[in-house]
Structures are given as C-alpha cells and as structure tokens.
Amino acid sequence: MQTEEEIPQLPNIKAKYTPKEPVSCIHEQRDIDTFMKSEAFNRIMTFVMLLNKSVMQKKISDACYTSPQTQRILEMLDTLNEWIYDFPPLENPQRFGNKAFRLWTAKLVESSTDLMKTVLSQDLHVAIPELSEYFNKGFGNETRIDYGSGHELSFAAWLAGIALLGGFTPDDYQAIVLKVFVKYLELVRRIQTTYTLEPAGSHGVWGLDDHQFLPYVWGSSQLINHPGLTPKSVLNPDTVDAFAGEYMYFRCIQFILQVKKGPFFEHSPMLNDIATVFSWNKVNSGMSKMYVAEVLKKVPVVQHFKFGNLFPFN
C-alpha cells in the first residue's frame, strides 16, 4: 500500500484548462500500454488512492466536512433517484434489460447540462461539455441496458474532473467516498434491480463482483486495523447485516446475498477466497492492484472511456 509520501496531490489544472471534446483512444491491447504511461491513468489512480487514504479507519456515520459543492451533488443524486418513479419498469418478460431504463437515461442525458449548471460553481461551467461525457456514462449503457465497473469508472472520473478543476479540495475527499459515492452506489443498485440491468463485461462467477469494484478498494481501507471485524467476518450473514450500514465492503456483500441464490463460495468464489486473507491492510493493497489489472488494464472495460484535457491520453 502506498504511504503518505508516495501519493502525490492531484494537480489543479483550472488555470490552464481549455475544454476539449473527449475522444476514444483505446481499441486494442497495445493502446493499454500507452494508457498506463498517460497523464489520464496517473490522474485517475492518484484520485483513487487519495480517496483510499481519506477513508482509512473511517465509518460511514463518522462526522466529516461536507462542502456546499458536495451537498449539491448529494441533492442531485436524490433527484436522479426520484426519476425512477417517473419511469416504472415496462411489462416485458425479458430476464434482463427493461427498456424503461432507456427513458430514464434519455432524461439524464437531456438534463445533464442543466443539472451541472446547478451543481457546479460558475467558474467550472466551461468544463461542462467535457464533464458531461463522464457523468452521462456513469449509470449504465442505454443501448445494451447494462452496468459494470466501466460505468463506475466514468462516475469516479466525473468526480476526479471536478477535483482537477479545484471544485473539491482534499478536505472533501472523505465525504466524496462516504457520502457521495455511498449514495451513488445505492442509486445504481436501485437502477440495477428496477430495470434488471445486465452485468457489463462480467467474468461470471470468476469476477470480483458483477457491477462494482471501487467500494471494495475504499471499503477495505475503512476496515484497516478494525478491532473486531476481519476479512473472514464477511462469511457470516448476520455480521454482514449488522455492519453493512457503516462499511461499504459489507454493504457490497449484503447486496450480493440479496440478489444471488445459493452458497456464497459458489456464486462469489473470488470474494470467498479473499475472506481467507488475514488482514484488511493486505486486502486493501490487493484490491488496489486488482483495480488496475481487472478494470484499467482491460480493453473491454476501458475502450469506452474517452480522453480530453481532463484526462489526457498522451
């Protein structure tokens, strides 16, 4: 795991920022090698690791600084949640992919500029065309009616973009994870279950999780040096239920247990194996490395990610 000295601060690019339409740059495996050396990769991973550090040993209910910027984003997520009532699932018999999701997404795309004008301070409005690329893709794909770690990455990139432009300061990091991201996760879970979204780019049982990845990184950081909970604690459903409200990792497990049937070791063998790791510190460093290997280095996941001046590919 990175120590304090090893994580650089995120640069503030506001003074020299000019908007640029994001473009696709990842088409095949060799593009991943370029991406790994890019400023985009550097900024994404710096943001992920700074947030990781900010929530170490912190519970969801712990008091933390909530800026007006953070508060406006929380209110916007409540609005998006309300929209689900406006577009109830259509009566169609498919196992996956309720087409009402397309109506919800259409409203999102149509409203995103206005939403961001409300959410972001005036001086950041210049970046809305570029930020919209990440925001609009943060909740799933309307064509395939699916959701996965690439969409989660988009939403994280939207937050990172705001941070790069000075809309967040390091004081906001804990709230970005334990307020904004926690609320985002509940929203996308509701979207997944309401519209029966297909898992995007899932490895089936051999993936970590059908939909999420970052809450396992940041959620394991919350649990480092916990006096009572060990990685093995996730195998006890009563313990999972007792702590899901305070720890993202346990909430992820709780959601899996709600939506999947059968023994945990059968439908979630990777999480079952990780439960045998002896410390959360080790789980956290493993999850951080796995995030790079299983999300950022995978062409099917990052081929949909576009690059502009917030996340430069060169």
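Positions are given from 1 along the sequence.
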So SG of Cys64 and CG of Leu178: to nearest 0.5 Å the spacing works out to 6.0 Å
Heavy-atom side-chain contact between Leu120 and Arg72 under 4.5 Å: no
For the pair Gln222 (side chain) and Met248 (backbone), establish whether a donor and an acceptor sit closer than 3.5 Å, ignoring hydrogens and angles. yes
Is there side-chain contact between Thr118 and Glu75, with heavy atoms separated by less than 4.5 Å? no
For atom CD of Gln29, decide whether the heavy atoms of other residues, nucleotides or ligands shown that lie under 6.0 angstrom number more than 12. yes
Ignoring hydrogens and angles, write down the donor-acceptor pairs under 3.5 Å from the side chains of residues 39-47, residues two or more places apart or on other chains.
from  : atom 1 : to     : atom 2 : distance (Å)
Glu39 : OE2    : Arg43  : NE     : 3.2
Arg43 : NH1    : Asn309 : O      : 3.3
Arg43 : NH1    : Leu310 : O      : 2.7
Thr46 : OG1    : Asn42  : O      : 2.7

Tyr184 (side chain) donor-acceptor with Gly138 (main chain) under 3.5 angstrom: yes
Is Arg251 paired with Glu246 through a side-chain N to carboxylate O contact shorter than 4.0 Å? no
Answer yes or no: is there a side-chain heavy-atom contact under 4.5 Å between Phe250 and Ser233? yes
Side chain Thr239, main chain Leu235, donor-acceptor under 3.5 Å: no
Please report the interatomic distance CG(Leu103) to CG(Leu90), rounded to the nearest 0.5 Å. 6.5 Å
Determine whether Tyr216 and Cys252 satisfy the following criterion, side-chain contact (heavy atoms from CB on, under 4.5 Å), listing intermediate values before the conclusion. CA-CA 8 Å; Tyr216 292 98; Cys252 285; 3.4 Å; yes
Are Val109 and Phe101 connected in a single hydrophobic cluster, I mean Ile/Leu/Val/Met/Phe/Trp/Tyr linked by side-chain heavy atoms less than 4.5 Å apart? no
Counting only N and O atoms by type, is there a donor-acceptor contact under 3.5 Å from the side chain of Asn284 to the main-chain atoms of Val217? yes
Which atoms form the tightest heavy-atom contact between Phe168 and Ala163, and what is the distance? CD1-N, 3.8 Å
Determine whether Tyr65 and Ser67 satisfy the following criterion, side-chain contact (heavy atoms from CB on, under 4.5 Å), listing intermediate values before the conclusion. CA-CA 6 Å; Tyr65 170 70; Ser67 64; 3.4 Å; yes
Are Met36 and Met290 co-members of a hydrophobic cluster defined by side-chain heavy atoms under 4.5 Å apart? yes
Are Lys183 and Asp78 close enough that some pair of their side-chain heavy atoms sits under 4.5 Å apart? yes
Just do the ring pair (Phe, Tyr, Trp, His ring centres under 6.0 Å) check on Tyr249 and Trp218 with the steps written out, would you? CA-CA 8 Å; Tyr249 199 103; Trp218 300 329; over 10 Å; no
Inspect the surroundings of NZ in Lys232 and state if more than 12 heavy atoms from other residues, nucleotides or ligands are less than 6.0 Å away. no
Are Lys58 and Gln174 side-chain neighbours, meaning at least one heavy-atom pair lies under 4.5 Å? yes
Is the backbone of Lys282 close enough, under 3.5 Å, to the side chain of Ser285 for a donor and an acceptor to pair up by distance? yes
Pairwise distance OG1(Thr70) to OH(Tyr173) - rounded to 0.5 angstrom: 11.5 Å
So, the side chain of His226 versus the backbone of Gln57: is there a donor-acceptor pair under 3.5 Å, distance only? no
Rounded distance (nearest 0.5 Å) linking atom OG of Ser112 with atom CH2 of Trp158: 10.0 Å
May I ask you to check whether His27 and Gln303 show a side-chain donor-acceptor distance below 3.5 Å? no
Arg190 to Tyr85 six-membered ring, cation-pi geometry met (6.0 Å, 45°): yes
How many angstroms lie between atom NE2 of His211 and atom CD1 of Ile256, to the nearest 0.5 angstrom? 10.0 Å
Candidate pair Lys179 and Ile73, rule side-chain contact (heavy atoms from CB on, under 4.5 Å), full reasoning: CA-CA 10 Å; Lys179 289 182 186 279; Ile73 291 174; over 6 Å; no
Can you name the closest pair of heavy atoms from Ala156 and Leu214 and give their distance? CB-CD1, 3.8 Å
Without swapping roles, check the side chain of Arg189 against the backbone of Phe255 for a donor-acceptor pair under 3.5 Å. no
Are any side-chain N or O atoms of Glu152 and backbone N or O atoms of Phe213, one a donor and one an acceptor, separated by less than 3.5 Å? yes
Aromatic plane relationship, Phe243 with Tyr247 - under 30° parallel, 30 to 60° tilted, over 60° perpendicular: tilted
Counting only N and O atoms by type, is there a donor-acceptor contact under 3.5 Å from the side chain of Asp172 to the main-chain atoms of Thr169? yes
With respect to Phe139, which candidate in Tyr195, Tyr147, Trp104 satisfies the ring pair (Phe, Tyr, Trp, His ring centres under 6.0 Å) definition? Trp104
Report yes if the side chains of Leu208 and Met270 come closer than 4.5 Å at any heavy-atom pair, otherwise no. yes
Taking side chain as C-beta onward, heavy atoms only, is Lys298 less than 4.5 Å from Ile32? no
Using only atom types and a distance under 3.5 Å, with no angle test, would you say the side chain of Tyr134 pairs donor to acceptor with the backbone of Leu153? no
Member of Val55, Val177, Leu51, Asn281 meeting the side-chain contact (heavy atoms from CB on, under 4.5 Å) criterion with Ser221: Val55
Could you walk me through whether Phe135 and Phe155 pass the ring pair (Phe, Tyr, Trp, His ring centres under 6.0 Å) check? CA-CA 6 Å; Phe135 179 74; Phe155 186 76; 7.1 Å; no
Can you tell me how far CD1 of Ile176 sits from CG of Asp171, rounded to the nearest 0.5 angstrom? 10.5 Å
Hey, mind stepping through Phe307 and Phe305 against ring pair (Phe, Tyr, Trp, His ring centres under 6.0 Å) and telling me if it holds? CA-CA 7 Å; Phe307 300 85; Phe305 192 88; 5.2 Å; yes
Evaluate Leu131 against Leu124 for side-chain contact (heavy atoms from CB on, under 4.5 Å), listing each step before the verdict. CA-CA 10 Å; Leu131 285 168; Leu124 300 193; 5.5 Å; no
Asp33 and Arg30 ion-paired at < 4.0 Å: no
Shortest non-hydrogen contact between Thr276 and Asp273, atoms and distance: OG1-O, 2.5 Å
Within-4.5 Å side-chain heavy-atom neighbours: Pro11 and Leu164: yes
